[in-house]
Number of protein chains: 2
Amino acid sequence: MASNLLAKNKHTILYAVALALLLLLLKWLELKLIIVDNAYEIYMGAIAVFFTVLGIWLALKLTKPKTVVVEKQVYVNNGPEFIINQTEVEKLGLSKRELDVLQLMAEGLSNQEISERLFVSLNTIKTHSAKVFEKMEVKRRTQAVEMGKRLSIIP
Amino acid sequence: MASNLLAKNKHTILYAVALALLLLLLKWLELKLIIVDNAYEIYMGAIAVFFTVLGIWLALKLTKPKTVVVEKQVYVNNGPEFIINQTEVEKLGLSKRELDVLQLMAEGLSNQEISERLFVSLNTIKTHSAKVFEKMEVKRRTQAVEMGKRLSIIP
DNA sequence: TTCGGGCTCATACTTTAGGGTGATTTTTAA
DNA sequence: TTAAAAATCACCCTAAAGTATGAGCCCGAA
C-alpha cells in the first residue's frame with residue numbers, strides 16, 4: 001500500500017526533491033553572484049530557461065503520450081453467411097449452369113471471363129445468360145444480379 | 001510562403017514574445033521587491049514555479065500526438081436499414097452526380113434509362129460512368145455495383 | 001427407345017457499354 | 001476574384017452485351 005503510493009508519486013517526489021536541491025543551489029549561487037551586480041540579468045535568465053526546460057522535461061515525463069486512434073475500416077463478410085434460396089431458384093426454373101453464370105455475373109465478370117472460368121465458349125455463356133434473363137424476366141445482367149440478390153439466389 | 005512560416009512557428013514566436021514580456025515584468029518587479037529583502041526567496045520561488053508551469057504548458061502544447069492506426073472490423077449490410085459509408089465515398093472521390101449514376105446502375109438501369117431519369121443526355125451519363133469506373137478502378141458497371149455494395153456506398 | 005431438358009456451340013445481327021478527346025457552363029473553394 | 005472541380009454535351013470508334021435461330025450431344029424418365 002505505502003510502497004504503492006510511493007511508486008505512483010515517484011516522479012512528483014523526485015521533482016519536489018530536485019526543486020528543493022535547486023533552491024539550495026540558487027541560494028548558494030546567489031551568495032556568489034549577488035555581488036556581481038551586472039550578472040544579475042543573466043542569472044535571472046538562466047533560472048527562467050532552466051525552469052522552463054525543467055517544466056518541459058517534467059511534462060514529457062509525466063504525461064502519457066498523446067495518442068490519436070485512427071480507425072482503419074476493414075471490410076469483412078458479415079456474420080450470417082449466405083444460404084441460397086432454393087425455393088426461388090426452382091420457382092424461376094433456373095438450371096445449375098444458369099445459376100453458375102448468374103453468380104459469376106454478380107461478381108462483375110464479363111461474358112468472356114465467365115466462359116474462361118467455366119471452360120466453355122463465349123457463345124455458350126451468351127445462351128445461358130439469355131435464358132437467365134428470360135426466366136427472370138429481366139432485360140440486362142445488372143437487373144438479373146439485382147433481382148438475384150433480392151431473392152437470395154446469390155450472395 | 002512568409003505567412004506559412006509564421007503559422008508554422010506560431011507557438012515558438014508566441015513563447016518568445018511572452019518570455020520577453022515576462023523578463024520585463026521581472027525587471028519591474030525587481031525594482032519593487034529588491035528592497036524588501038525577506039521577500040526575495042518568495043520572488044525566486046515564484047519565478048521557478050512560473051517558468052516550470054510555463055514549460056509544462058509549452059510541452060503539452062507542442063507535443064505532437066502519436067497516431068495509432070487500429071484496424072476496426074466493419075460488418076457490412078447487417079441491418080435492414082442502409083447507412084451510406086460517406087468515408088468510402090470521399091476516399092474514392094466520388095461526386096454527387098457520380099454517386100447518383102452508380103446507384104441507378106445498381107438498380108439495373110441502362111445508361112439510356114439513367115439519362116432519362118436524371119433529365120440529362122446519354123453522353124453525360126457515359127461521361128459520369130466512365131469517371132466512376134476510373135475512380136473505383138473497375139472495368140465494368142457490374143464490377144462497380146459489386147464494389148459499391150461491398151463498400152456500403154450503395155444499398 | 002423415344003422424348004425432353006440441359007448443356008454445348010455457331011452465325012448473324014442489333015443494341016448497349018465503354019474509351020478517348022475536347023468543349024462549355026456552373027459551382028465551389030481558396 | 002480567380003482557380004479548380006463538377007456537370008454538361010458531342011463525336012467517333014471499339015468492345016461487350018444481348019437477340020434470334022438453329023443444331024448437335026448426353027442423360028434420365030416415361
Side-chain angles (χ1 to χ4, degrees), chain A residues 84 86 88-149 153-154, chain B residues 1-8 84 86 88-149 153-154:
Chain A
I84 185 167
Q86 199 61 44
E88 279 297 336
V89 176
E90 281 160 20
K91 197 183 292 179
L92 292 172
L94 290 178
S95 72
K96 190 194 176 299
R97 212 51 165 166
E98 285 157 4
L99 203 56
D100 289 342
V101 172
L102 180 57
Q103 271 168 308
L104 294 175
M105 268 183 191
E107 289 177 24
L109 300 197
S110 68
N111 286 342
Q112 182 65 54
E113 288 165 341
I114 294 173
S115 75
E116 284 161 12
R117 189 76 75 85
L118 298 180
F119 304 107
V120 294
S121 83
L122 172 61
N123 286 314
T124 304
I125 301 304
K126 284 191 177 186
T127 310
H128 284 319
S129 61
K131 287 219 157 207
V132 169
F133 302 152
E134 193 185 320
K135 289 176 178 176
M136 296 180 89
E137 294 176 18
V138 296
K139 295 190 187 312
R140 281 172 289 280
R141 53 172 56 225
T142 45
Q143 286 183 345
V145 168
E146 202 274 336
M147 178 173 244
K149 283 182 183 282
I153 287 174
I154 44 179
Chain B
M1 285 286 193
S3 60
N4 193 11
L5 262 178
L6 274 178
K8 276 194 173 179
I84 185 167
Q86 200 60 44
E88 278 297 334
V89 175
E90 281 160 19
K91 199 183 287 178
L92 292 172
L94 291 179
S95 70
K96 278 184 229 73
R97 215 51 166 164
E98 285 157 3
L99 204 57
D100 290 341
V101 172
L102 180 58
Q103 272 168 309
L104 294 176
M105 267 182 191
E107 290 178 23
L109 302 197
S110 68
N111 286 341
Q112 182 65 54
E113 289 166 339
I114 295 173
S115 76
E116 284 161 12
R117 189 76 76 86
L118 298 179
F119 305 106
V120 294
S121 85
L122 173 61
N123 285 312
T124 303
I125 300 304
K126 285 190 178 185
T127 309
H128 284 320
S129 61
K131 286 221 154 207
V132 168
F133 302 153
E134 192 185 321
K135 288 177 178 176
M136 295 181 90
E137 293 175 15
V138 296
K139 295 191 187 307
R140 283 174 289 280
R141 53 172 57 225
T142 45
Q143 286 184 346
V145 168
E146 202 274 334
M147 179 175 243
K149 282 181 184 285
I153 287 173
I154 45 180

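Proteins get letters first, then strands, A, B, ... in listed order; numbering begins at 1 in each. Every value quoted in this text rests on a predicted model; they were computed, and no experiment measured them.
Counting non-hydrogen atoms of neighbouring residues, nucleotides and ligands closer than 6.0 angstrom, the NZ atom of Lys131(B) reaches no more than 12 such neighbours.
Atom CD1 in Ile125(B) sits roughly 9 Å away from atom P in dC9(D) (whole-Å rounding). Spacing between atom CD of Glu134(B) and atom P of dA5(D) amounts to 13 Å, rounded to whole angstrom units. Summarising the geometry, the separation between CD on Glu98(B) and P on dA5(D) is reported as 13 Å, rounded to the nearest angstrom. The separation between Gln112(A) atom CD and dA17(D) atom P is 9 Å, rounded to whole Å. The distance between atom NZ of Lys135(A) and atom P of dG18(D), rounded to the nearest whole Å, is 17 Å. When the P atom of dA23(C) is taken as reference, atom NZ of Lys126(B) falls 20 Å away, rounded to whole Å. Leu122(B) has its CG atom 11 Å from the C1' atom of dG18(C), to the nearest Å. Rounded to whole Å, atom C1' of dG6(C) lies 16 Å from atom CD of Glu90(A).
The two residues Thr142(A) and Arg141(B) make their nearest non-hydrogen contact at CG2-CD, 3.7 Å.
Ionic pairing of Glu146(B) and Lys149(A) is not present here: no N-O contact between side-chain nitrogen and carboxylate oxygen is shorter than 4.0 angstrom. Classification of Lys96(B) and Asp100(B) as a salt-bridged pair fails, no side-chain N sitting under 4.0 Å from a carboxylate O.
Residue Asn111(A) is classed as a sugar-phosphate contact, given heavy-atom separations below 4.0 Å to backbone atoms only. Nucleic acid contact for Lys131(B): none, since no nucleic acid atom lies under 4.0 Å from a heavy atom of the residue. As judged by a 4.0 angstrom heavy-atom cut-off over every strand, Ser121(B) is placed among residues touching the sugar-phosphate backbone only. Nucleic acid contact for Thr124(B): base, since at least one base atom lies under 4.0 Å from a heavy atom of the residue. Within the nucleic acid shown, Thr127(B) comes within 4.0 Å of at least one base atom, counting heavy atoms only.
Picking from dA7(D), dC9(C), dA17(D) the nucleotide with the shortest atom distance to the side chain of Asn123(A) gives dC9(C). Comparing dT8(D), dT8(C), dA16(D) by their nearest atom to the side chain of Val120(A) picks out dT8(C).
Both Val138(A) and Lys96(B) sit near DNA chain D, but only Lys96(B) has its closest nucleotide nearer the 5' end. Each of Arg140(A) and Arg97(B) was assigned the nucleotide of DNA chain D with the nearest heavy atom; the assignment lying further toward the 5' end belongs to Arg97(B).
Side chain of Thr124(B) to backbone of Val120(B): no donor-acceptor contact under 3.5 angstrom is found.
The side chain of His128(A) places an N or O atom within less than 4.0 Å of a non-bridging phosphate oxygen (OP1 or OP2) of dT8(C). For the pair Ser95(B) and dA7(D), the criterion of a side-chain N or O lying under 4.0 Å from OP1 or OP2 is met.
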